Amino acid sequence: MNKLLFILFFVTTFCFYGQQKTFNGDPDAAFKVARELAFNKQRKQAQDTLRLILTKYPNYHDIRSFLASTYSWDGDYKNAREAFEYVLKNDPDRKDTWEAAIKNELYDDAPFDALKMANEALKHFPDNPDLLYLKASAEEDLGKPETALETITYLLSKHPTHEKAKNYNNSLTLKLSRNSIGIRSSVEIYSEVFDPMQYYLVQYGRQTKYGSLNAKVNFSRRFSENGVQFEIDLYPKITKGLYAYANFGVSNSFLYPDIRYGAELYKSLPKSFEASLGFRALQYSETTTIYTGSVGWYTGNSYWSFRSYLTPSDSGSSLSGTLNYRKYRKDANNYFSIDGGIGFSPEVYRFAFEDNENAIINLKSQKLNLGYFFTSKNDKNAWGIRSGVVHQEISFDPGNYFWIFDIGLSWNIKFR
């Protein structure tokens with residue numbers, strides 16, 4: 001009933017106003033109608049009504065400010081800017097109008113003007129938390145996250161319970177946390193022949209404007225022996241939509257290659273696809289070269305990827321492939337994964353080669369893995385759990401298989 005009355009009132013009022021060049025009527029009642037129209041997806045009719053009221057009441061600043069906001073919602077930032085400027089020039093002590101005007105500049109990708117306006121607004125409303133928040137947003141948009149963090153830190157010193165500022169502080173701190181340390185451990189249990197094999201990794205990561213690097217120490221206990229390998233991974237940015245991967249590692253243990261190295265190029269493609277092509281080289285008594293490539297596809301909160309390995313050898317080429325699916329939650333560090341594959345790749349350090357490269361490279365294998373990865377509330381800490389099963393041909397008994405069950409845990413922390 002109330003909705004019907006509103007519609008009848010709107011039709012009557014609008015028809016009456018539509019015949020006028022100058023407004024005649026109750027501006028407050030007409031303003032109320034216009035607001036209802038604007039919030040009911042009838043923005044053009046609302047704007048017509050607001051402009052008509054202003055023909056008689058040009059200094060009714062609530063109306064002009066609301067009209068400016070509707071322009072901003074529609075992406076008409078120029079007209080919004082002119083209307084906000086008119087109001088603030090005549091009545092600068094309007095905090096809500098300052099906020100809306102600053103947001104208009106941010107929406108228009110004009111952070112310099114937004115920052116200038118925020119500083120001017122703070123002269124009228126010193127230490128206002130909402131204006132300080134918008135100032136920090138403009139500073140971040142200008143590529144100054146350090147300065148934005150200083151502003152948010154100051155805001156919280158004055159208003160420690162400001163929830164949006166606390167969340168923004170966490171976000172900026174995480175963005176500026178370019179260093180990380182991670183630990184990973186896993187164990188493989190065999191259905192026969194071998195004792196459990198243990199794997200451990202400690203890594204340090206660093207984000208730079210040129211890309212990221214990771215220094216890693218791998219340790220494993222297998223065949224009643226311990227082995228260590230040192231590695232470094234680089235992910236240099238080349239240009240927009242194109243980056244690379246480079247790897248180099250050394251070890252003096254037979255559990256790992258004496259030297260390993262590799263490189264790969266990744267290219268973004270249309271329709272949210274990504275493709276890569278590269279190689280890995282493992283030097284034992286001989287050097288084994290593995291050619292690899294992948295195709296990935298982002299769709300909504302999901303990611304699909306397929307990676308294949310081709311390993312040429314004297315007895316023929318070995319081909320393996322893995323299909324991976326990830327379902328993301330709030331960001332790239334929170335997701336569920338499942339992957340399955342067939343074929344054996346010597347990039348996995350499961351066996352010592354010991355002059356038996358061809359026999360091991362051509363092993364038959366099938367695998368299935370599940371993983372769950374999540375972060376702490378402030379996103380500084382990241383944890384993961386991964387488990388899987390492998391049906392693997394026995395290297396010294398071709399045609400017969402054993403089962404390998406594995407489980408792994410990981411932890412990573414970011415810091416400035």
Side-chain angles (χ1 to χ4, degrees), residues 182-203 214-233 247-262 280-290 292 309 311-315 318-320 322 339 341-371 384-411:
I183 299 173
R184 188 166 69 230
S185 65
S186 62
V187 61
E188 293 180 340
I189 299 173
Y190 291 73
S191 61
E192 55 183 293
V193 182
F194 296 115
D195 292 331
M197 297 185 184
Q198 302 168 50
Y199 302 83
Y200 304 92
L201 176 146
V202 177
Q203 69 175 6
N214 288 287
K216 302 187 291 186
V217 179
N218 297 292
F219 172 82
S220 65
R221 178 164 179 79
R222 294 175 285 160
F223 313 112
S224 300
E225 296 285 345
N226 298 326
V228 177
Q229 181 193 55
F230 300 93
E231 277 188 282
I232 185 166
D233 292 333
N247 165 269
F248 181 79
V250 295
S251 176
N252 62 359
S253 168
F254 75 93
L255 298 178
Y256 294 98
D258 298 328
I259 298 174
R260 68 157 291 156
Y261 55 92
R280 311 286 190 267
L282 311 177
Q283 181 180 315
Y284 291 90
S285 58
E286 296 180 3
T287 298
T288 299
T289 302
I290 310 160
T292 184
Y309 293 97
T311 310
S313 69
D314 294 339
S315 59
S318 171
L319 185 65
S320 65
T322 300
D339 63 77
I342 57 173
F344 176 79
S345 173
E347 190 180 22
V348 180
Y349 310 128
R350 184 163 285 132
F351 305 110
F353 276 64
E354 297 178 330
D355 300 322
N356 196 28
E357 284 90 341
N358 289 339
I360 293 178
I361 286 171
N362 289 292
L363 293 177
K364 294 181 175 63
S365 177
Q366 303 85 41
K367 66 178 181 180
L368 179 67
N369 294 296
L370 300 173
I385 180 169
R386 195 170 186 272
S387 63
V389 60
V390 179
H391 189 226
Q392 176 75 61
E393 188 175 14
I394 302 174
S395 60
F396 52 82
D397 191 9
N400 289 313
Y401 292 76
F402 47 44
W403 293 92
I404 308 170
F405 305 93
D406 70 84
I407 185 167
L409 301 172
S410 63
W411 169 75

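Fair warning: this is a prediction, and the values are worked out from it, not measured in the lab.
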Taking the side chain as C-beta and beyond, is there a heavy-atom pair between [X] and [Y] under 4.5 Å?
X    : Y    : answer
S186 : L409 : no
V202 : K216 : no
F194 : I404 : no
H391 : V389 : no
K367 : T322 : yes
L282 : I290 : yes
V217 : L201 : no

Quick one: sort the W403 and F405 rings into parallel, tilted or perpendicular, breaks at 30° and 60°. parallel

Polar side-chain atom of [X] near backbone of [Y] as donor-acceptor pair, under 3.5 Å:
X    : Y    : answer
R260 : R280 : no
S185 : Y200 : no
S320 : G343 : no

When rounded to the nearest 0.5 angstrom, what is the spacing between [atom1] in [X] and [atom2] in [Y]?
X    : Y    : atom1 : atom2 : result
S365 : Y401 : OG    : OH    : 8.5 Å
M197 : D406 : CE    : CG    : 12.0 Å
I183 : S410 : CD1   : OG    : 10.5 Å
Q283 : S285 : CD    : OG    : 9.5 Å

All side chain to side chain contact (heavy atoms under 4.5 Å, CB included) counterparts of F248, not counting sequence neighbours: I232, V250, I259, Y261

For residues N400 and E393, is any side-chain donor paired with an opposing acceptor at under 3.5 Å?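 The criterion, which ignores hydrogens and geometry beyond distance, is not satisfied for E393 and N400.
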
Whether the Y190 and E188 side chains hold a donor-acceptor pair (N or O, under 3.5 Å, no angle test) is what I'd like checked. yes

Counterpart residues, side chain to side chain donor-acceptor pair (under 3.5 Å), relative to R386 (two or more places apart): D339

If you compare all heavy atoms of [X] against all heavy atoms of [Y], which two are closest, and at what distance to 0.1 Å?
X    : Y    : value
N226 : S253 : O-OG, 3.9 Å
P312 : T289 : CD-O, 3.4 Å
P257 : S251 : O-CB, 3.5 Å

Could you give me the CA-CA distance, side-chain angles and deciding distance for L255 and S220, then say whether side chain to side chain contact (heavy atoms under 4.5 Å, CB included) is met? CA-CA 8 Å; L255 298 178; S220 65; 3.9 Å; yes

Walk me through whether I407 and V187 qualify under side chain to side chain contact (heavy atoms under 4.5 Å, CB included). CA-CA 6 Å; I407 185 167; V187 61; 3.8 Å; yes

Given side chain to side chain contact (heavy atoms under 4.5 Å, CB included), test F402 with Q392 step by step and report yes or no. CA-CA 6 Å; F402 47 44; Q392 176 75 61; 3.5 Å; yes

Step through the shown structure and confirm whether more than 12 heavy atoms of other residues, nucleotides or ligands are within 6.0 Å of CG on L370.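 More than 12 heavy atoms, drawn from other residues, nucleotides or ligands, come within 6.0 Å of this atom.
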
Hey, do the aromatic rings of Y199 and F219 have their centres closer than 6.0 Å? no

